[in-house]
Amino acid sequence: MKNYDHSKIEKKWQKAWDAKKVYKTENPSKKKKFYVLDMFPYPSGAGLHVGHPRGYIGSDVYARMKRMQGYNVLHPMGYDAFGLPAEQYAIEHKIHPRKAVEKNIKTFRGQLDKIGFSYDWSRQVNTTDPEYYKWTQWIFLQIYNSYYDTEKNKARPISELIKKFEKTDKNWKKLSEIEKEKILMQYRLAYEGYSEVNWCPKLGTVLANDEIVDDKDGNPVSERGGYPVEKKSMRQWFMRITSYADRLLTDLDGLDWSGHIKEIQKNWIGKSDGSEIEFKTSINRNIQVFTTRADTLFGVTYVVLSPEHQNIGEFLVQAKNMAEVSEYIREAKERAKKEDITIEKEKTGVELKGIKAINPVNGEEVPVWVADYVLASYGTGAVMAVPAHDERDFEFAKKYNLPMKYVVAPKIIDEKNPPKNGFEYVVRNAAQAVVYNPIKDEYLTLRWKKFDWHSIVLGGIEGNESVVEAAKREVIEETGYSDLIFKKILGSPVISVFHAPHKGINRVSVSTGVLFELASEKQVGLDRAEHEQFDVEWVSSETFFSKPMTNIELPFWRERMKGKIWKPFIEYGTIINSNEFNQLTSEEARKKITEFVGGKMVTKYKMRDAIFARQRYWGEPIPLKHDKAGAISMLKEKNLPLKLPNVTSYEPTGTGESPLSGVKAWTKEGYETNTMPGWAGSSWYFLRYMDPKNKKAFADKKALKYWKDVDMYVGGSEHATGHLLYSRFWHKFLFDMGHVPTPEPFKTLKNQGMILASDGRKMSKRWGNVINPDDIVKTYGADTLRVYEMFMGPFEASQPWNTESIIGSRRFIEKVWKVASRINDFKSPRSSSQARPDFKNHQYVSLVKTLHKTIKKVNDDIANFAFNTAISSMMVLVNEMDKVENISKEDFKTFLQILAPFAPHVAEELWYDLGEKKSIHLAPWPKYNMKLLIEDTLKIAVQVNGKVRGEIEIPTDADQEVVFAEALVNENVKKWTDGQEIKKKIYVKGRLVNFVV
RNA sequence: GCCGGAGUGGCGGAAUUGGUAGACGCGCACGACUCAAAAUCGUGUAUCGCAAGGUGUGAGAGUUCGAUUCUCUCCUCCGGCACCA
């Protein structure tokens with residue numbers, strides 16, 4: 001037996017595969033295509049740790065299987081080398097970013113090569129290569145030169161918009177070019193604007209929302225480096241991604257992505273359907289509010305403006321307390337600048353005294369407040385406050401003592417006493433009194449004589465009485481107890497629907513709970529007639545809180561008595577206290593009330609337009625020119641790429657100006673000085689792999705048509721709101737403009753789990769816990785590393801690295817090696833005619849069965865990215881092989897084929913040893929024989945009363961009665977069934993028998 | 001706080017249209033080989049019990065002949081969002 005020298009064979013085959021171009025992808029091909037893509041890395045200076053290749057190994061195993069299954073597999077790799085990480089590294093190490101990137105790519109490639117991936121390296125892309133970013137710039141120009149046609153619901157060239165203006169707008173032609181351009185800028189999908197941005201002074205650049213994280217004190221810091229971030233108003237380039245918000249949301253449904261990534265994108269897009277409603281005010285200026293709960297319009301008790309509301313000035317100057325308000329606004333802005341949105345911040349606000357808003361639904365005058373719990377950037381920057389049905393308004397109203405009005409109530413139907421057909425529904429407002437005697441710890445109830453009812457005191461509200469008055473009156477009338485202390489109203493009313501036999505109607509009762517405490521047991525005279533219907537009964541606290549009573553609202557009152565405060569009722573329900581809208585559901589009322597007040601239903605999104613500019617050197621130049629008059633012009637396609645100038649000083653200026661603004665040759669030409677953000681180059685790289693060398697287009701139409709989209713995309717879930725959203729956006733744009741054939745770029749997405757250090761922390765230089773894959777490859781071999789990383793646990797789960805456990809994977813490969821040295825020409829019973837061979841060598845029959853089970857298992861598991869169980873089943877097979885005397889060459893080779901994706905080097909070496917002349921990685925994927933998977937006999941469990949008491953062996957197709965009979969004669973089973981009457985027999989085919997005695 | 005996901009031996013994990021819980025691997029113990037050690041091989045390894053048998057998948061309840069799997073309540077951990085009206 002020759003030695004297993006992993007270094008030797010791994011180097012040998014890596015060289016051979018490269019020389020023979022084993023992984024070269026045909027383009028085009030008659031074979032069916034399959035595109036397996038890894039998220040390409042930032043080639044950071046630190047190099048790879050063992051966590052990085054996890055995803056690459058998974059996708060490589062998958063790609064290798066697909067290739068063996070006869071697909072033309074596109075499995076490329078490249079580098080995303082623009083952007084902050086590369087540039088920070090360069091600045092820290094005082095070398096030019098281009099040099100740093102070159103060096104890092106080399107390190108990176110060296111590390112990758114050792115692991116034995118099946119990439120077609122001839123297709124490598126590098127975002128910093130001018131031949132690549134020429135096309136990034138080209139796509140930018142297409143976006144800049146387009147607008148979103150809301151009627152066609154897709155992007156169109158801006159020239160179509162100009163034509164439209166020329167036709168429909170008489171004034172258009174009179175405008176100067178600059179004026180026209182100003183208007184067009186409001187439509188372009190890439191546009192220039194001023195806005196508050198997240199400015200990071202330390203990095204000297206603007207950051208996108210998803211590049212900012214909270215530090216442990218809740219302050220915003222840059223994801224990279226952890227530097228403080230503040231707000232700053234600056235000139236920026238933007239991408240109008242919000243135009244695509246709805247399509248980005250709805251198209252998620254058709255994607256085979258893990259649920260939580262879709263969820264994150266859904267949240268990020270943040271769609272909400274609501275209404276815009278206008279409130280007139282006592283000054284000559286209306287307030288437009290956005291609300292999702294127009295059904296609560298009757299419950300509005302005040303209106304709130306954001307301190308940064310666009311018209312705040314006009315309200316301010318007319319307020320009687322102008323100084324106070326203006327001071328509040330100043331403070332609020334100060335707070336916003338620091339952006340320390342600390343958790344559970346107490347709400348603050350100030351009333352605009354002397355100004356009233358008029359509720360359009362009922363003409364009611366309500367106060368107007370300014371408060372910074374209302375965001376200027378969402379909706380209309382103003383809200384109608386309904387403290388009874390909104391948690392934030394509730395909190396605010398409580399603090400400033402603003403009134404509450406209930407307009408929505410939960411509706412319950414009394415199932416014991418449901419409304420009856422043929423009876424009229426009669427609505428009544430009622431009060432229900434909970435009376436507590438603190439001395440005896442008892443509650444007041446009524447025991448009804450005629451109906452077997454047991455309830456608390458309740459009754460209708462009469463005339464102009466308040467709820468509390470009505471409740472008190474009822475208690476006195478019905479029980480005589482008059483010394484009552486009002487404690488509180490038990491939250492929003494509750495609607496109950498039931499049949500009232502004594503009145504001959506179906507009752508719709510809108511009840512409000514009122515809590516009283518009994519001050520003394522003093523009683524006044526009772527109304528005799530009424531009192532004859534029931535007895536007064538005091539029940540213990542325990543009974544009151546546990547026993548159901550006739551009035552079904554009781555659980556609500558109990559719930560709301562528990563805490564000192566109760567939550568506002570924020571769910572949908574049935575409308576009350578709203579005139580003609582009463583008894584509608586919230587859903588119906590939202591539309592009807594909006595319509596009634598002349599508002600309109602609108603859809604809003606949380607997502608903002610994406611900032612598309614960085615004040616940094618190391619990025620794609622934006623291919624635009626500014627002339628002296630301020631007009632912007634696009635570079636012509638033939639002048640692309642606009643190359644980054646070679647400079648010696650590329651550090652950030654710190655003023656907010658890009659380093660390029662200091663380059664004379666650059667500014668002289670009027671070139672835009674901002675560069676593109678890191679996500680530009682990564683938003684379309686997967687398309688370039690399809691045709692990486694093309695000089696005439698980002699990719700040839702034929703190549704695009706053949707490869708279409710990515711079938712399997714593997715990468716980290718941290719890109720959920722960045723790369724994965726931006727790519728979808730660009731792809732949809734390119735689709736609208738006819739440049740790509742599909743509206744979505746990535747059909748299936750798998751997210752690999754992170755590999756943590758053995759101490760449970762992230763691997764990082766900082767903690768000194770980094771494991772370098774080079775070391776593992778050197779000691780154990782690439783095949784062992786690959787098998788181990790796939791065997792560790794589920795692909796999508798994170799696990800700590802455990803060098804101790806690797807040995808198991810190594811032993812597995814060594815066992816394969818050992819078994820290989822024992823194979824012989826033993827003839828295998830594998831053809832279908834021998835599906836049920838009557839072999840003397842039972843051991844061998846069993847092995848062949850295991851082999852075919854394993855083929856199926858490995859096949860299915862790889863398809864599902866369940867690599868750990870695939871390996872586990874191969875271990876079972878190899879353990880069995882190790883024990884049998886005869887192993888046929890054919891069967892062993894079949895096994896090598898399913899092992900090949902995981903351990904490509906060993907499999908190839910043994911494959912050639914067995915006389916093959918062509919790479920195993922181009923051999924066809926083995927098929928399993930279904931007939932061999934069927935067992936003749938089965939061992940099944942016999943349970944008595946659900947407990948396993950014995951095991952019997954039965955023919956696979958045995959009849960149920962035969963199985964029962966067989967089971968009953970089993971010794972162990974007899975012990976439990978003898979002398980017992982068998983009440984029930986259950987047979988689960990091929991699984992178990994259960995006797996119930 | 002809200003929205004997701006998860007909780008199984010000493011450890012990583014396996015098993016869910018409800019059907020023998022703990023596959024596979026690590027570790028550990030004992031044995032073989034060895035002067036000895038390593039490596040390797042064999043046996044064992046959820047837990048209580050000498051055994052028969054009992055208990056056991058975060059806790060508690062429920063449905064069922066039968067629950068890691070379904071329902072409800074609660075606890076813990078991880079991820080996302082965080083005044084989005």
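Throughout, protein chains are lettered first and strands after them, A, B, ... in sequence-line order, and every chain is numbered starting at 1. Since the structure is predicted, the reported quantities are computational estimates derived from the model, not experimental observations.
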Going by purine N1 to pyrimidine N3 plus the second Watson-Crick contact, or the G-U wobble pair, all under 3.5 Å, which nucleotide sits opposite [N]?
| N | result |
| --- | --- |
| B:C50 | none |
| B:U34 | none |
| B:U73 | B:A59 |
| B:A29 | B:U43 |
| B:C81 | B:G1 |
| B:G66 | none |
| B:A23 | none |
| B:G9 | none |

Would you call A:Glu880 and A:Lys849 a salt bridge, using N to O less than 4.0 angstrom?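 Salt bridge between A:Glu880 and A:Lys849, a charged N being under 4.0 Å from a carboxylate O: no.
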Of the options [options], whose atoms approach the side-chain atoms of [X] most closely?
| X | options | value |
| --- | --- | --- |
| A:Lys947 | B:U55, B:U20, B:A23 | B:U55 |
| A:Ile264 | B:G80, B:C81, B:U20 | B:G80 |
| A:Glu263 | B:C3, B:C83, B:C24 | B:C3 |

For [X] and [N], give me the distance from atom [atom1] to atom [atom2], rounded to whole Å.
| X | N | atom1 | atom2 | answer |
| --- | --- | --- | --- | --- |
| A:Gln265 | B:G79 | CD | C1' | 15 Å |
| A:Arg810 | B:C26 | CZ | C1' | 17 Å |
| A:Ile871 | B:A14 | CD1 | P | 12 Å |
| A:Phe791 | B:C11 | CZ | C1' | 13 Å |
| A:Arg590 | B:A85 | CZ | P | 11 Å |
| A:Phe867 | B:G25 | CZ | C1' | 18 Å |
| A:Phe795 | B:A14 | CZ | C1' | 19 Å |
| A:Phe394 | B:A85 | CZ | C1' | 16 Å |

For [N] and [M], measure between their [atom1] atoms and round to the nearest Å.
| N | M | atom1 | value |
| --- | --- | --- | --- |
| B:U64 | B:G13 | C1' | 29 Å |
| B:G53 | B:G4 | C1' | 44 Å |
| B:U40 | B:A46 | P | 23 Å |
| B:C28 | B:G10 | C1' | 8 Å |
| B:A67 | B:A21 | P | 10 Å |
| B:G27 | B:A36 | C1' | 24 Å |
| B:U45 | B:A59 | C1' | 28 Å |
| B:G5 | B:A23 | P | 29 Å |

Sugar-phosphate, base or nothing in reach of [X], heavy atoms under 4.0 Å:
| X | result |
| --- | --- |
| A:Leu992 | base |
| A:Asn994 | base |
| A:Trp976 | sugar-phosphate |
| A:Asn868 | sugar-phosphate |
| A:Pro794 | sugar-phosphate |
| A:Ser805 | sugar-phosphate |
| A:Val304 | nothing |
| A:Lys985 | nothing |
| A:Val988 | base |
| A:Arg949 | sugar-phosphate |

Would you mind calling B:G18 syn or anti? Take O4'-C1'-N9-C4 for purines or O4'-C1'-N1-C2 for pyrimidines, and syn is within 90° of 0.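 It is anti.
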Backbone N/O of [Y] and side chain of [X]: donor-acceptor pair under 3.5 Å:
| X | Y | result |
| --- | --- | --- |
| A:Thr296 | A:Arg293 | yes |
| A:Arg608 | A:Ser377 | yes |
| A:Thr292 | A:Gly274 | no |
| A:Arg949 | A:Trp976 | no |

Do we get A:Lys347 above A:Phe396's six-membered ring, with its NZ or CZ under 6.0 Å from the centre and within 45° of the axis?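 Because its charged atom misses either the 6.0 Å distance or the 45° angle limit, A:Lys347 does not stack over A:Phe396.
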Could you tell me whether A:Lys405 sits above the aromatic face of A:Phe298, with NZ or CZ closer than 6.0 angstrom to the six-membered ring centre and within 45 degrees of the axis?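 No; the conditions do not both hold, so A:Lys405 does not lie above the ring face of A:Phe298.
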N/O donor-acceptor pair, side chain A:Asn267 with base B:C81, under 3.5 angstrom: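 When only heavy-atom distances are counted, A:Asn267 does not reach the base of B:C81 through any donor-acceptor pair under 3.5 Å.
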Check whether the side chain of A:Lys347 and the base of B:C83 form a donor-acceptor pair under 3.5 Å.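 Under the 3.5 Å cut-off, the side chain and the base do form a donor-acceptor pair.
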[X] side-chain N/O to [N] phosphate OP1/OP2 under 4.0 Å:
| X | N | value |
| --- | --- | --- |
| A:Gln943 | B:G19 | no |
| A:Ser272 | B:A85 | yes |
| A:Tyr378 | B:A85 | yes |

Is atom NZ of A:Lys262 surrounded by more than 12 heavy atoms (other residues, nucleotides or ligands) closer than 6.0 Å?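 Yes, because the 6.0 Å sphere around NZ of A:Lys262 holds more than 12 heavy atoms from other groups.
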Residue pairs fulfilling salt bridge (charged side-chain N to carboxylate O under 4.0 Å, His left out) with at least one residue in residues 984-997 of chain A, sequence neighbours excluded: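 Qualifying pairs: none.
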Give me each pair satisfying salt bridge (charged side-chain N to carboxylate O under 4.0 Å, His left out) with a member in residues 789-813 of chain A, each pair once, sequence neighbours excluded.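 Applying salt bridge (charged side-chain N to carboxylate O under 4.0 Å, His left out) to every pair that reaches into residues 789-813 of chain A, excluding sequence neighbours, yields A:Arg810-A:Glu814.
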Atom CG of A:Asp393 and atom CE of A:Met404: how far apart are they, to the nearest 0.5 Å?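 A:Asp393 atom CG to A:Met404 atom CE measures 11.0 Å (nearest 0.5 Å).
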Sort me out a list of protein N/O and nucleotides 37-48 of chain B N/O pairs below 3.5 Å, or just none if empty.
unit_1, atom_1, unit_2, atom_2, d
B:U40, OP1, A:Arg811, NE, 3.2

